Each structure stands twice: as structure tokens, then as C-alpha cells.
There are 2 protein chains.
Amino acid sequence: MSEQVKRRIENGNKIPRRRVTSYDVAELAGVSQSAVSRVFQTGASASKDMRDRVFSAANKLGYRPNAIARGLITQRSNMVAVIISRQTNLYYPEVLVQITQRFSEHGIRVLLFALEHERDVNSTLDQVLQYRVDGVVTAVTLSHEQLKTLEHAEIPVIFYNRTHPEWLINSVRCDQEEGERWLVGQLVGAGHKRFAIISGPEDSQVSTDRTRGALQRLGELDIEDILIVTGDYSYASGRAAFAEIIHNMEPHPEAVIAANDMMAIGCIDEARETFQLRVPDEISVVGFDGVGPARFAAYDLSTVRQPVGRMSEAAVSMLIERIENPDLSPEKRVFSGERIRGGSARFTDSKI
Amino acid sequence: MSEQVKRRIENGNKIPRRRVTSYDVAELAGVSQSAVSRVFQTGASASKDMRDRVFSAANKLGYRPNAIARGLITQRSNMVAVIISRQTNLYYPEVLVQITQRFSEHGIRVLLFALEHERDVNSTLDQVLQYRVDGVVTAVTLSHEQLKTLEHAEIPVIFYNRTHPEWLINSVRCDQEEGERWLVGQLVGAGHKRFAIISGPEDSQVSTDRTRGALQRLGELDIEDILIVTGDYSYASGRAAFAEIIHNMEPHPEAVIAANDMMAIGCIDEARETFQLRVPDEISVVGFDGVGPARFAAYDLSTVRQPVGRMSEAAVSMLIERIENPDLSPEKRVFSGERIRGGSARFTDSKI
DNA sequence: CTCCGCGTTGCATGAGGATGCAATATTGCC
DNA sequence: GGCAATATTGCATCCTCATGCAACGCGGAG
């Protein structure tokens, strides 16, 4: 009687029934456990006869290799962590699904971590490390110390829409500043002189980048007295921010630059509904992201669309490369956004 | 010299450096490995002195228990699979984030599976089983056979917005039919007589439920000749569907029932922009979901809002209960949606 | 002072599968 | 047919942590 069977009998029914293991399959097929293991690997040596016998036994038992045990011995969990934060914009879900699907095509699973705020990173990172993921994609900013921890554990990291000018890190991002500069250039070119900006949450690097880009270009074009109010990327905060702007800026601004589309939409609704302003005739509004609602006919936003497909593709392939070859040097990939001349702002006639 | 150290030296630098294990910590702290193990467990017996020494050594080495190895031995991976499909509606991302956060509060991680279509389930399920997750939340319909497979592996499953009248399963859902019946009742009560329906993808159970609910109520109220066109839950498909409706229904319908908000919005835009129809004066449009854009002032949808917070909370707690007590009997929880009397449809004056 | 009981600690083993090496089976080639 | 080369297969061991059991230490009761 095999050890397995003996144990099962001793346990009786009180302990949850033992799952089917490669030993069970081996026993039924009359081969060794290593043979079973090899049949379930790609590229391992096994005769056709062996395969048939093992697969047949495995099917009969409903056997599936245990990815946990495999991960333990191969030192590859075939899981990556994806870290997002709630604050990071309603547009991320689309990114998340795309990234997950692409990883899946490479036999890699996604362990999802969703923070309430970008601050709760430390405990999350601890979990990430405990699960021995093969890599990390983060849409949340990490401190230098946190980065060092991951580096020490030899876990490659890709920063999504976050970067740092000095650190040696891998990042994929949309060129927020370039996009904002284009928007500002268009607005100023069309004659707008008085500006307000609705920024995102203060701990969001995306918002910081966008606001900086806009302010820099405005400065270069000698536009001054810019009112900046803070939102939280939501529709409601966009509406509230616009009301705040109207109350605090006299005369009213001619253009509003929102840090994302959702707030731009809120802003437009507040302008139209509460203040009876016509968009874009009386006030221009621009956003950023190019996410679904931007295309709604009622808004038709002038915005910059992030190339989500290419960015997620880049993030996935960069991470996989670094999992397979940890010595690869760091790389920062920056994608220009797609410039969308919508109907929510008066722009120049320039084709550029 | 310990086995560990010997091995490390033999390997030289060619193999990735071995990670820190409980043996390393034990050696540095001058205690046994089991002691280290116990210190990192809650409720295990360990003296204060022991704790201090172990934690100190662990910190020095940057040790973190390996959740994979732990899962192997405890037969609990502390991971659950969440299965979504791309087709399932832009509104799911919100659900996904909420579910993830709630599980996280209970020390459970989410392994995400995103299907391209609801059909690609089998290979996904295979992965789910390989990773020995403790449970599954699926927003994708499973066949009876697939369900049996999970049952055989003793993995509890919660169906999210899917159910089956006969099977013994756990499910959490919004009462789609009730919601649609209310919408129809309101529309008919306000005098609408000619209806069109924009359904979702054919393999979406949510869409099937909603369409059935609407049709049943319409039938009860003696409304006939209803045109049904199929969309894919997207904005674009909503627009296309409305155009199709206008071309194929003469005289035009007085009300359009869309299977979700996104299509309802597309429908409104197409009605206004392409056909110069006033909403709701010339045509009423209703949706379902109550997701973000439904509240945009430009649309102000009449719709039914899914109580996402309570539903995700229910899904999480139901699953955790069944992980901890597998013998718990199946339960189906049905939540009524929140009835929203927006401005996109003419409704009755009734408060109900 | 001896014995009992309880809290700690270490030892040995197991969870399920991968893999180097040696043994064995096949195949190819002259 | 004989022998080297190649392909299969099995054995033993490892990955990392949890846990039953036995041993040990210490304080209090008798």
C-alpha cells in the first residue's frame, strides 16, 4: 500500500480530502512521479507512449499540476503584481484589463493590489514580497527606499505613468508635459489670455506632471495670474472646482485646463448648467486621457489621448524581458499622446 | 558550515542569489527554523525574548515569509480568483477595485483573470485550478460542467450578477428584471406606446435578464411590436443601434430601453445629433447600471443603479464564509437597484 | 525536596513538483 | 550485427515553511 493511500485512510473523512497529486497520477499510470512532472512540462523529454499513459491517468483523476508547488521549486511564481490606487483615475481600469490579458498570453498571472490612497504603499509592498511575484507594474509612486527593497529582492519593476529623472528605473509613460504644452499652445494661439487650472490630487504624480507642463508653457508665453484649484479626478470635483474658479477669479477665465477628462466634463457641465456659459464660445475647456466619455457628443473634448494599447504592451514586454534577463539595463519609454482637436475649446487653425 | 551556505558558495554567482529563508534567520538568531516559523505566525507559542531575537535577525536580513511555501503546506493560498470578461460592461472596474480592497482587508489577495469573451472560460478555469485559489468570484457565466469541476476541487464560487434558477450555487446580483419592470412601468404609465430595446451581447446573462424583464412587463401591459437590436455595451454600439432602430421602425419609437447606461448615452447622442430629436420630449431613453456617466448633466439618465458597495461587500463576505466553512449551504442574494428618475425619460408622477 | 503542569523550543517530517545524474532503452551507421 | 550516440526513465534530493511530538525549564503544591 502506498504512503499516499495509507495516509488518506488514516485521515478518514475529518480532514478535507487530499487533492490529486503527481504521485497519484504516477501510481495509476504505473510510472514514476518524475515522469509525470516531465510530461506536464514543455520541452522535457518524454516518449509518446509515456505521454499517453500519463495524460490518460491524469484525466481520469482530474489532475492539474500545482502551480504553487511548482513555483516553490522553480523560483518562478509566474505571477506579477499590479499595483493601482483608487485615486489614480477612472481611466486605469481599461489599462488594467489590457495588461492582464497581455500577461496572460505569456502564461503570467496578475495579482492585483488596489490601494485606497497612494500612501498605503508599505504594507502592500510587504504582501507583494511575500508572494514572491516575478515582477511588478506599479501605477503608484514608490519612494526610493521602497524601490531599494524591491531591488534587493531582485524583483524588476515597471513604473506606469510615473518616473524619476535620476533613478535607474524602468518606466512607461505618456508624455504628460508635451501634451499639456500642446494644449496650452493651441489655446494661447487662439487668443485665450486668462487661464485656470484644475489639478488632480496632490500625491498624484500624473497630475503634477501635467500641471507643470501647462504652467511652464503658459510662462513661456507670458501668461500670468493663473488660478489653480485642486480636484480629485472625479466628475463632482470638476464641477466644484469650476464653481470655485468662477467665485475666485474676476474677470472670469477664458480657458480651463483640467488634469483629466472626467474633471473637464464636470467643468463643462457646471459652466453650462450653473453659469449658463456656452462652451467653447464663452469658455474653452480641455482635459487629458482621451478616455471613453471624452468622445461623448455632448462634450467632444479637446484633449490628449493616452495610447493605452501601446503603453500596456510596452509595460508587459519590458517586464517580461527583465524577468527573463535581470541584467537588462533600465529603460524609460515615453509615448506621445494623440492630439485631439475636439469641440470643447477654441484652438488655432494650425494642423500641428 | 550550514548546508545553505555551502550551496550558496558552490553556486557561485551564476545562479540568482538565493533568497533569504527562515533557515537563514534561524541561523543568525541562533534558534531553530521552527522557532522562526512560529514567531511569524499569529497565535503560536513564543517567548518575548525569542520574538525579539528573531525579529531583529529577520530585519537585518530583510526576511519575509514565503507565502507560496506557506500556502503549499497549509493548503490555503490566501488567494482568490476574480474572473471578469471584457464584454462585461465598463462598470465592472469599479466593482473589481472594491472587491480587491475588501478581500485585502481580510488578508486575501486577488488573482485577476480577464477574458476577451465569455466563451474563453475553459483555459482560464484550468489556470484557476492550477493556482489552488481558495475561492472564486466570477462575473462570467460558467457551464454546469465547469461548475462541477470547481466543486470537485472543493473551491467555493460566488456568481456575480449571474445565477441559475435550479443549480445550487452562491450568487450575488442586482435584480435586473425588477429594475427593468419598474422602468417599463414608468414609461408606459407616462403614455409611451412604441418601444425599442437595445440589448447587450448575446452571451451576456446580464443583458438576457434585463431584456427578459423588460419584455415581460411590456407584454403584461399589452405593448407589442417591439424592435430589439443588439449592441455590445459600448457607446459606439449605442449610437449605431439607435440609427438602426430609426431606419427599421416606422413610425419611430417613443421610448428606447438600453441594456446599460453606456449604450443609453450613445443612443441619446445619436438621437440628438443625427436625428435632431429632443430627449425626453420626442423620445425617452432609459439605461441601467447607474455608473458614473449616468449622472453627467448632459444626459441625466433615468436608470437603475446597482448598489455596487453592498454587492461587492456581500460577494466578499459570502466567499470568505465558505472558504472557512465549506459546508455552508448555498445562498442567493438579490439586491434591488436604486431607482433613478433622471431627465432622459418621461416618467409617471408616482412616487413609486 | 520531589512531582506536576504549563509554556517553550527543537527535531523530524511533509506539502507537491522539478531536476541532475545514472541507468536503461532506442536509433543510426558502417 | 556491433558500437557509439541519443532519447527515456527512475532515483534521490531540494524548494520553504508548518506542525505533531518529545524534551526541557521553571514555578508552585504537597
Side-chain angles (χ1 to χ4, degrees), chain A residues 2-4 6-8 10-11 15-27 29-54 58 61 63-78 129-132, chain B residues 2-4 6-8 10-11 14-27 29-54 58 61 63-78 129-132 153:
Chain A
S2 83
E3 267 304 306
Q4 322 293 333
K6 224 185 302 174
R7 233 178 301 134
R8 196 178 304 177
E10 280 162 10
N11 280 339
I15 302 291
R17 198 181 69 247
R18 226 175 44 76
R19 321 252 184 180
V20 182
T21 73
S22 57
Y23 285 98
D24 301 324
V25 177
E27 192 176 325
V31 301
S32 73
Q33 176 269 330
S34 27
V36 177
S37 170
R38 280 192 260 260
V39 166
F40 277 90
Q41 283 176 68
T42 54
S45 159
S47 66
K48 171 144 183 3
D49 178 56
M50 172 68 85
R51 275 177 211 287
D52 293 345
R53 293 173 64 184
V54 169
L61 298 175
Y63 168 76
R64 279 180 186 74
N66 183 330
I68 299 291
R70 172 181 288 171
L72 186 57
I73 187 142
T74 59
Q75 306 281 30
R76 278 278 299 264
S77 61
N78 284 316
L129 288 165
Q130 292 202 10
Y131 274 85
R132 302 296 194 268
Chain B
S2 82
E3 268 304 307
Q4 322 293 331
K6 226 186 299 174
R7 235 179 298 133
R8 196 178 304 177
E10 281 163 10
N11 281 339
K14 56 184 191 292
I15 302 291
R17 198 182 70 246
R18 231 175 39 77
R19 322 253 184 179
V20 181
T21 74
S22 57
Y23 283 99
D24 301 323
V25 177
E27 192 176 325
V31 301
S32 74
Q33 177 269 329
S34 27
V36 177
S37 169
R38 280 191 259 262
V39 167
F40 277 91
Q41 284 176 68
T42 54
S45 157
S47 65
K48 171 148 186 355
D49 178 57
M50 173 67 86
R51 278 177 209 288
D52 293 345
R53 293 172 63 184
V54 169
L61 297 175
Y63 169 76
R64 280 177 184 77
N66 183 329
I68 299 290
R70 172 179 287 170
L72 184 58
I73 189 147
T74 59
Q75 307 281 31
R76 280 277 299 262
S77 62
N78 284 315
L129 288 164
Q130 293 201 9
Y131 274 86
R132 300 300 194 266

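Owing to the predicted nature of the structure, the values given are computational and were not obtained by experimental measurement. Below, read A as the first sequence line, B as the second, and so on, with proteins coming before strands; counting in each chain starts at 1.
- Atom CG in A/Asn78 sits about 15 Å away from atom P in C/dG17, given to the nearest Å.
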Could you go over nucleotides 18-23 of chain C and give all protein N or O partners under 3.5 Å, atom names and distances?
| residue | atom | partner | partner atom | Å |
| --- | --- | --- | --- | --- |
| C/dA18 | OP1 | A/Arg70 | NE | 2.3 |
| C/dA18 | OP1 | A/Arg70 | NH2 | 3.0 |
| C/dA18 | OP2 | A/Ser37 | OG | 2.6 |
| C/dA18 | N7 | A/Gln33 | NE2 | 3.3 |
| C/dA18 | N6 | A/Gln33 | OE1 | 3.1 |
| C/dT19 | OP2 | A/Gln41 | OE1 | 3.0 |

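- Nearest heavy atoms, A/Phe40 versus A/Arg70: O-NH2, 3.6 Å.
- Closest approach of A/Val25 to A/Ala58, counting heavy atoms only: CG1-N, 3.9 Å.
- For A/Val31 against A/Met50, the heavy-atom pair with the smallest separation is CG1-SD, 3.7 Å.
- OP1 or OP2 of C/dG16 has not a single side-chain nitrogen or oxygen of A/Ser22 nearer than 4.0 Å.
- In this structure, B/Ser77 contributes its side chain and B/Arg132 its backbone to a donor-acceptor pair below 3.5 Å.
- Atom CG of B/Leu72 and atom P of D/dT19 are 12 Å apart (whole Å).
- Counting heavy atoms from C-beta outward, B/Thr21 and B/Asn66 have side chains that stay 4.5 Å or more apart.
- Counting all heavy atoms, side chain and backbone alike, A/Tyr131 lies closest to B/Asn78 at OH-CB, 3.3 Å.
- With hydrogens and angles ignored, the 3.5 Å screen pairs no side-chain donor or acceptor of A/Asp52 with any backbone N or O of A/Asp49.
- Regarding A/Glu27, its CD atom lies at a distance of 14 Å from the P atom of D/dG10, rounded to whole Å.
- Both B/Ser32 and B/Arg132 lie near DNA chain C, and the one whose nearest nucleotide falls closer to the 5' end is B/Ser32.
- In terms of heavy-atom proximity, B/Leu72 sits nearest to A/Ile68 at N-CG2, 4.0 Å.
- The CD1-C1' distance, from B/Ile68 to C/dA15, rounds to 13 Å in whole Å.
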With the criterion being N/O to N/O and under 3.5 Å, what pairs connect the protein with nucleotides 4-8 of chain C, and how long is each?
| residue | atom | partner | partner atom | Å |
| --- | --- | --- | --- | --- |
| C/dT8 | OP2 | B/Ser45 | OG | 3.2 |

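- The nearest pair of heavy atoms linking B/Ser22 to B/Gln33 is OG-CG, 3.2 Å.
- Between A/Arg76 atom CZ and D/dC14 atom P there is a gap of 24 Å when expressed in whole angstrom units.
- Atom pair B/Arg64:CZ and D/dT16:P shows a separation of 16 Å (rounding to whole Å applied).
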